[in-house]
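Please read all numbers here as calculations on a predicted model, not as lab measurements. Whatever order the structure lists them in is the order used to number ligands and atoms, beginning at 1.
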Amino acid sequence: MTLNIGVIGTGAIGREHIKRITNKLSGGKIVAVTDVNEEAAKQVVRQYELDAVVYPDDKSLVTAGNVDAVLVTSWGPAHEKNVLNAIEAGKFVFCEKPLSTTAEGSKRIVEAESKYGKRLVQVGFMRRYDGGYVQLKEAIDKNEIGEPLMVRCVHRNPDVDENYTTDMAVVDTLIHEIDVLHWLINDDYKSVQVLYPKKSSRAHAKLKDPQIIILETKSGIIINAEVFVNCKYGYDIQCEVIGEEGVAYLPEPASVVTRKAGKLNTNILIDWKERFSDAYDVELQDFIDSIKKTGEPSGPTSWDGYIASVTSDACVKAQRTGQKEPVNLEEKPAFYNRKITVQ
Ligand code: NAI
Ligand code: NAD
Ligand code: ISE
């Protein structure tokens, strides 16, 4: 059986995911697309020679009879409405991060899904599927470095456009660390604080860049996360977990090392599309396979999206106040405690 997929938002990552589902992955087919810019949706159908209908809006796409699952790759502020419409139509939905740009929005999704009574939603937190992060988690879970005490990480982009504002360093960028780190160290966040180092002259007026975000967990682990989105030299993701017995590092992407003319050289990636390309493949294949085998997606849940939103709201508040702000999570509903395993 093929999972028929409708795509809301045919921008950068929408096109990437359409290409991988069409050319690389198995078991899924793009049958519908929509974009607020209708010409962009039509162009994608032509460019990738899709056998897909272009719908005028998300509501008509999610209610189309032949659409089994919806891929939300619109921009962040549109996600909540897109996902709620899909749940109302009883469709599976893979939503790119963030699930919603506010905790209230993510909570509304959690409530709608719980009321529906079956898991429909998977959030695009692809780092949980990245080979390097999976190895790092295995090392921590096997107690290879003892109790984790501190984490240092870095999220650098070469540049961003004029629409990227100070809060997006959290809502759009740090959101990946927020999700992957509590999963990695099996702990919950307690408080957050944001520091602004000297501003890069490359950052435009509405963006404070770089930023240092300090997250403290309930057990007392301190995470120091740097977001620097005008670093110029490349797309660089680093993570280092310091434990009682040793230190574990996220592996660098494989790249040839040359020794020549008195220099040791290796390439650094420039584009986020390449850095997590394999992880995007695995997460979407898992979404397709899990629905087919178990009738539910098994990846990051709406509750994971909610945890990320509550933490990101606290970080945005901390950006404004300069103070340590608490992360106040509600009790996890029993609905999200079940573990779904794909054989
Ligand atoms: P983009 O701006 O290139 O594409 C967004 C597209 O959605 C645009 O074509 C826009 O016209 C369309 N759109 C916006 N609102 C819409 C709506 N209500 N209905 C239909 N279409 C709508 O943005 P990009 O970079 O593709 O990002 C899209 C989403 O993917 C964002 O949520 C972003 O956070 C996420 N993303 C995730 C990445 C990851 O590593 N997981 C990487 C890049 C983006
Ligand atoms: P983009 O701006 O290139 O594309 C967004 C597209 O959505 C545009 O074509 C826009 O016209 C369309 N759109 C916006 N609102 C819409 C709506 N209500 N209905 C239909 N279409 C709508 O952005 P992007 O870089 O592709 O990012 C899209 C999403 O993917 C964002 O949420 C972003 O955070 C996420 N993203 C995730 C990763 C990742 O690493 N997981 C990487 C990039 C982007
Ligand atoms: C983008 O939306 C992503 O999700 C990328 O993974 C991230 O590195 C980048 O900063 C975001 O803008």
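Looking at D35 against ligand 2, both its backbone and its side chain come within 4.0 Å, counting heavy atoms. Heavy atoms of M126 found under 4.0 angstrom from ligand 1 belong exclusively to the side chain. Contacts of Y235 with ligand 3, taken as heavy-atom pairs under 4.0 Å, involve the side chain alone. In D57, neither the side chain nor the backbone holds a heavy atom less than 4.0 Å from any atom of ligand 2. The part of A78 lying near ligand 1 is the side chain, judged by heavy-atom distances below 4.0 Å.
If you number the atoms of ligand 3 from 1 as listed, the ones under 4.0 Å from a heavy atom of H176 come out as 3 (C), 4 (O), 5 (C), 6 (O). Near G124, with a cut-off below 4.0 Å to any heavy atom, the atoms of ligand 1 are 41 (N). Ligand 2 places these atoms under 4.0 Å from at least one heavy atom of H79: 32 (O). Atom numbering of ligand 3 starts at 1 in the shown order; those under 4.0 Å from a heavy atom of K97 are 1 (C), 2 (O), 3 (C), 4 (O). Contact atoms of ligand 1 toward I8: 19 (N), 20 (C) (distance under 4.0 Å to a heavy atom of the residue). Counting the atoms of ligand 1 from 1 in the order shown, those under 4.0 Å from a heavy atom of D172 are 34 (O).
Protein heavy atom in closest approach to atom 2 (O) of ligand 1: W75 CE3, 4.1 Å. Atom 9 (C) of ligand 3 has its closest protein heavy atom at N157 ND2, 3.4 Å. Of all protein heavy atoms, the one lying nearest to atom 39 (C) of ligand 2 is Y280 OH, 3.3 Å. In terms of protein heavy atoms, atom 5 (C) of ligand 1 is closest to T73 O, 3.6 Å. When only non-hydrogen protein atoms are considered, atom 4 (O) of ligand 1 lies nearest to G11 CA, 3.1 Å. Protein heavy atom at the shortest distance from atom 43 (C) of ligand 1 is W272 CH2, 3.3 Å. The nearest protein atom to atom 2 (O) of ligand 2, hydrogens excluded, is given as W75 CE3, 4.2 Å; this is a heavy-atom distance. Summary of contacts: the protein heavy atom closest to atom 33 (C) of ligand 1 is K97 O, 3.6 Å. Nearest protein heavy-atom contact of atom 7 (C) of ligand 3 is H155 NE2, 3.4 Å. Protein heavy atom closest to atom 10 (O) of ligand 3, with residue, atom name and distance, is T173 OG1, 2.8 Å. What sits closest to atom 3 (O) of ligand 1 on the protein, heavy atoms only, is A12 N, 2.8 Å. Looking only at protein heavy atoms, the nearest one to atom 20 (C) of ligand 1 is V36 N, 3.4 Å. Counting protein heavy atoms only, atom 27 (O) of ligand 2 is closest to I13 CG2, 4.0 Å. For atom 21 (N) of ligand 2, the nearest non-hydrogen atom of the protein is V36 N, 3.2 Å. For atom 11 (C) of ligand 3, the nearest non-hydrogen atom of the protein is D172 OD2, 3.4 Å.
Atom 18 (N) of ligand 2 has its nearest heavy-atom neighbour, among G124, G11, A41, A78, in A78. Among A12, P98, A279, G9, the residue whose heavy atom lies closest to atom 1 (P) of ligand 2 is A12. Between K97, K273, R15, it is K97 that holds the heavy atom closest to atom 32 (O) of ligand 2. Across the listed options S74, P56, P77, A279, S74 owns the non-hydrogen atom lying nearest to atom 22 (C) of ligand 1. The option from V171, I13, T10, N82 that lies nearest to atom 38 (C) of ligand 1, judged by heavy atoms, is I13. Here atom 29 (C) of ligand 2 lies nearest to S74 when heavy atoms of P77, S74, C95 are compared. Scanning D35, D57, V7 for the heavy atom closest to atom 11 (O) of ligand 1 points to D35. Of the options K59, E96, E38, the smallest heavy-atom separation from atom 41 (N) of ligand 1 is shown by E96.
Residue K24 places its NZ atom among more than 12 non-hydrogen atoms of other residues, nucleotides or ligands, all under 6.0 Å distant. Counting non-hydrogen atoms of neighbouring residues, nucleotides and ligands closer than 6.0 angstrom, the NZ atom of K324 reaches no more than 12 such neighbours.
Under 3.5 Å, the side chains of K137 and N186 contain a donor-acceptor pair of N or O atoms. Between the side chains of S255 and N267, no donor-acceptor pair of N or O atoms lies under 3.5 Å. For the residue pair Y336 and E113, a side-chain donor N or O sits within less than 3.5 Å of a side-chain acceptor on the partner. Side-chain atoms of D58 and N82 form a donor-acceptor pair, as typed in the model, at a separation below 3.5 Å.
Residue contacts with ligand 2: F276 is excluded, as none of its non-hydrogen atoms falls under 4.0 Å. Heavy atoms of A40 come nearer than 4.0 angstrom to ligand 1 in no pair at all. Using a non-hydrogen distance threshold of 4.0 Å, H176 registers as a contact of ligand 1.
Backbone and side-chain nitrogen or oxygen atoms of M126 are examined, and none is located within less than 3.5 angstrom of a nitrogen or oxygen of ligand 2. Among the atoms of E96, some N or O lies under 3.5 angstrom from an N or O of ligand 2. By the 3.5 Å distance cut-off applied to N or O atoms, W272 is not counted among the residues near ligand 2. In terms of polar-atom proximity, defined here as any N/O pair under 3.5 Å, Y280 does make such a contact with ligand 1.
Residue E226 forms a side chain to side chain donor-acceptor pair (under 3.5 Å) with just one option from R156, R152, Q238, and that option is R156. Tested against Q319 for a side chain to side chain donor-acceptor pair (under 3.5 Å), the candidates Q211, E325, Q193 yield a single pass: Q211. Of the residues listed (N230, D172, T173, N157), the one engaging Y164 in a side chain to side chain donor-acceptor pair (under 3.5 Å) is T173, and it is the only one.
Closest heavy-atom contact between G90 and Y116: CA-OH, 3.6 Å.
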